[in-house]
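Structure first, then comments.
All figures in this text were calculated on a predicted structure; none of them were measured in a lab. Note on naming: letters A, B, ... go to the chains in the order of the sequence lines (proteins, then strands), and numbering restarts at 1 for each one.
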Amino acid sequence: MEYNFLEIEGKWQRYWADRGTFRVDIDAAKPKYYVLDMFPYPSGAGLHVGHPLGYIASDIFSRYKRLKGFNVLHPMGYDAFGLPAEQYAIQTGKHPEATTTQNVARYREQLDKIGFSYDWSREVKTCDPAYYKWTQWAFLQMFNHWYNLDTQRAEPIAELEARFAAEGNAQVHAACSETPRFSAEDWASMDEAARSAVLMNYRIAYQGETSVNWCPALGTVLANDEVKEGISIRGGHPVEQKKMKQWQLRVSAYAERLLTDMEDLEWTDSLKDMQRNWIGRSQGAEMIFKVSNGSEEFDMTIFTTRADTVFGVTFMVLAPESEWVEKLTRPEKKEEVEAYLLAARKKTERERMAETRKVTGVFTGSYAKNPFTGEEVPVWVSEYVLSGYGTGAIMAVPAHDSRDYAFARQFNLPIIPLIEGADVSQESFDAKEGIMCNSGFLNGMSVQEAIPAAIDRVEAMGIGQRKINYRLRDAIFSRQRYWGEPFPIYFKEGIPCPIPVEALPLTLPEVDKFLPTESGEPPLGRAKDWTYEGYPIEKSTMPGFAGSSAYYLRYMDPHNDEALVGREANQYWRNVDLYIGGTEHATGHLIYARFWNKFLYDLGHVCEKEPFRKLVNQGMIQGRSNFVYRIKNTNTFVSLGLKDQYETTEIHVDVNLVNNDRLDTEAFRAWMPDYAEAEFILEDGEYICGWAVEKMSKSMFNVVNPDRICEEYGADTLRMYEMFLGPLEQSKPWDTKGIDGVHRFLRKVWKLFFREGESLIEEGAADKKALKVLHKLIHKVETDIENFSFNTSVSAFMIAVNELTDLQCHQREILEPLTILLSPFAPHLAEELWEALGHSESISSATFPTYVEAYTVEDTCEYPVSFNGKMRFKLTLSKSLTPKEVEALALADPNCEKYLAGAPVKKVIVVPAKIINIVY
RNA sequence: GCUCUGGUGGUGGAAUAGGUAGACACGCAGGACUUAAAAUCCUGUGGGCAGCAAUGCCCGUACGGGUUCGAUUCCCGUCCGGAGCACCA
């Protein structure tokens, strides 16, 4: 009987499913451990061999933790709302739900083949009404709360209303959109619509006019993290800026907490860095400049981090979208300015980026007064100032800011250096170092002293104060699409009102087509009777990140109909101990989920401040593409080594037609009709293909399907090989040819247990050498798993099994712990061997073996001896010797005499148990 | 431009509180078994030089310096790759 992996794997997968081996429940007697994978979007293409990498790692860790006595929550589900299913629906008319259901089934089938230890009874799908009920519920909570800066938490909007009625809004410190001041009397005199408009400025989920990323091809707005280089991430369509009224989440209110709470998380520095970067905290000051357009004078506020450079302000710049532009444009400049604004508006985000280096701008004709010097400086308008950051207006200090410098050079504006010795003839001096000059009362101070001193003066003069700005913007939360969660909001005489929680879920209606309506409304505009109590319901849907922001909470208590997560379940499972997924979510999902969690924490619905304690980012598995070389204008293909003799075109060839870079020429001819008559120029009788590492994708014909690997080699081989490929965090190419080594290893394990169908398992005491091999392995595997160094673990297994094979070791005393060690990696094989060892329970209820150091310590140790740092010979001596004794024995060794050859010895260095270095 | 990463054989990668670089695996070469192939097993495999040989010597962890008896590992500089942010005042 050979190692029949197909039979074994089928058998144990059925066993696990039938017995519900991996179902977990709250068990107060055991410590909990929550291992989570980032759930997949079930795409039509199915899984390729790169997708399960993280899942395998998390599964190994889950199984390991179970063996260590933890009650492990390890669930899986699907991020099932999203654009691809909808785009497909537009093309084919097939309902996204049907497509999604089909894809989910396919994913499940593929996942099951790999033998994961998920508790499938906890599966969630974000498009399931029973699930998105809680997404809608969370939205309503955000709608009904505001962020109080005094208490630094979300509080009920009803309390805010009471405060408005009692005292107006002057004393309310909230994270809010700009709202004019009003008194209690003003509030009393407002009608319902006016009050609603005011409250909207305070809600955490609010509707507001803002500049958004509009994607005409997709017909929807997108969040910042869904756009990259002016192109939509899904679909790759151009994106432009447009002012629109949209639902938004006030994520910016949580900026500081998102930043500080990150400190205690076990995330990689680079990921924390990305989040810090995205949040973009910057400390500075707001400062008022008096500006005049000749007829009227205004107070204009700007933000700066370099208050120390006020003496070098030689002009001011407004963002084209700034409301100040209109106020400050002089009649004689009107035409010029408007032409500039029009040109700026017409540009897409992408064009703006392409022109980053081009300096453009226009003078408004107005002047601002420097509050420190009283000097008048011109006010310009330029694209390089962003409307969304700070106040959309800046003071320009060309000597010490490279962007201002470029602008000043372009338009011949003066440049005044403020730091001693700074040469600004060629470029600006941006560094925050040096001694101030030309700066009145700041002269002689270092920059570090001058910044606070300048702000102190600004505050004393009553023209500004310290201010912290964040780059993090509020998340745009509505999408003009069909396949997403409907908003539980209806409009009563135009006033947005929440649909009561009892009426949730508000299920997605049927539509005849998945396209916008003729009048340009989102697809939900097509739904018949899309109303609540006769009033129209919001027609946008929620974005992809809505459903993925709290799914880890739902897994704790997936069938609870009363709450997103019940108190008991939440108190027990608390938060995710280990989260595995890709870095691509660093600035999207991982920010939103943290925000969502913090909001629910403020409301007392969850007991932990942070959702994900430890985070591991698995690398991408890239494809390894193969190429053939066609001689130009022929149907003849030349082998890699000879291609330079011809003029050739490189063509991707399906990696499944290639074995070890040798092309199966017959299969190639059969592959596509174009190649049926192909001729080949071979070398050594073979066609050698070129290769390159690229993204795994259909168009490059380098996709390897895990199903195929499972059929040919088995899931256990796949699991171990994926781990063996290299460090988990690192990106690396998939190359099927290396898989044999791992497969051979598993067969060797099999051979320790069976020969020709007969069990080899022996009772009785094992050899000392075998015990040493085993205990070294226990130690190595344990530390490796704890450090997520799975690749070196696999190597350690290989070495150990080779040694045990050489020792002809078949004792239960060795084989039993070995099987347990192996079970997280190759669970099917381990179960089979465990059964052969006479156990009737699943190996997942076994206990991880304990490492006994005594079995592995050596009583001797090697002392390499070096002369002047050069290693010459080794001594094997007792471990218990003192450095002095080792030194004496080393000098007495005949080799030493030989090498020293009478040279005078200056000193002998003994590094404990390692090297003796003799200097002469 | 800024931030973060990384650079080791033909390939994937081992080894860093500084201590025999290249574990393990793939590939390749040779051998055993076989009528043959597959499978399996064994041996060799960084480069160079010397030797019939066992073996010995030299060079090697992107490049150039530094610290050290000793550097793939620590420090400084340069080059190249990958990721993220990108006019954030």
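- When the C1' atom is used for both rU78(B) and rC57(B), the distance is 33 Å, rounded to whole Å.
- rU72(B) and rA17(B) have their P atoms separated by 15 Å, given to the nearest Å.
- For the side chain to side chain donor-acceptor pair (under 3.5 Å) test, residues two or more places apart in sequence or in another chain that qualify with Gln465(A) are Glu286(A).
- Nucleotides rU67(B) and rG13(B), compared at atom P, are 34 Å apart to the nearest Å.
- Taking a pair to require two hydrogen-bonding distances under 3.5 Å in either a Watson-Crick or a G-U wobble arrangement, rA14(B) remains unpaired.
- Taking the C1' atom of each, rA50(B) and rU34(B) are spaced 42 Å apart, rounded to whole Å.
- Remark: rG30(B) base-pairs with rC42(B). Criterion, Watson-Crick or G-U wobble with two distances under 3.5 Å.
- Nucleotide rG64(B) forms a pair with rC76(B), judged by Watson-Crick or G-U wobble geometry with both contacts under 3.5 Å.
- Counting non-hydrogen atoms under 4.0 angstrom, Asn660(A) reaches the backbone sugars and phosphates but no base.
- Counting any heavy atom pair closer than 4.0 Å across all strands shown, Arg276(A) reaches no nucleic acid atom.
- With a cut-off of 3.5 Å on both Watson-Crick or G-U wobble distances, the partner of rC49(B) is given as rG56(B).
- Under the 90° criterion around 0 for the glycosidic angle, rG10(B) counts as anti.
- Across all strands shown, rA86(B) forms no Watson-Crick or G-U wobble pair with both distances under 3.5 Å.
- A straight line from CG of Asp273(A) to C1' of rU3(B) spans 6 Å, rounded to a whole angstrom.
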**Prompt:** In B/S/- notation, 5' to 3', how is nucleotides 10-16 of chain B contacted by protein heavy atoms closer than 4.0 Å?
**Reply:** --BSSS-
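- When heavy atoms are screened at a 4.0 angstrom cut-off, Asp430(A) is found touching no nucleic acid atom at all.
- Note on Ile394(A): a base of the nucleic acid sits closer than 4.0 angstrom, heavy atoms only.
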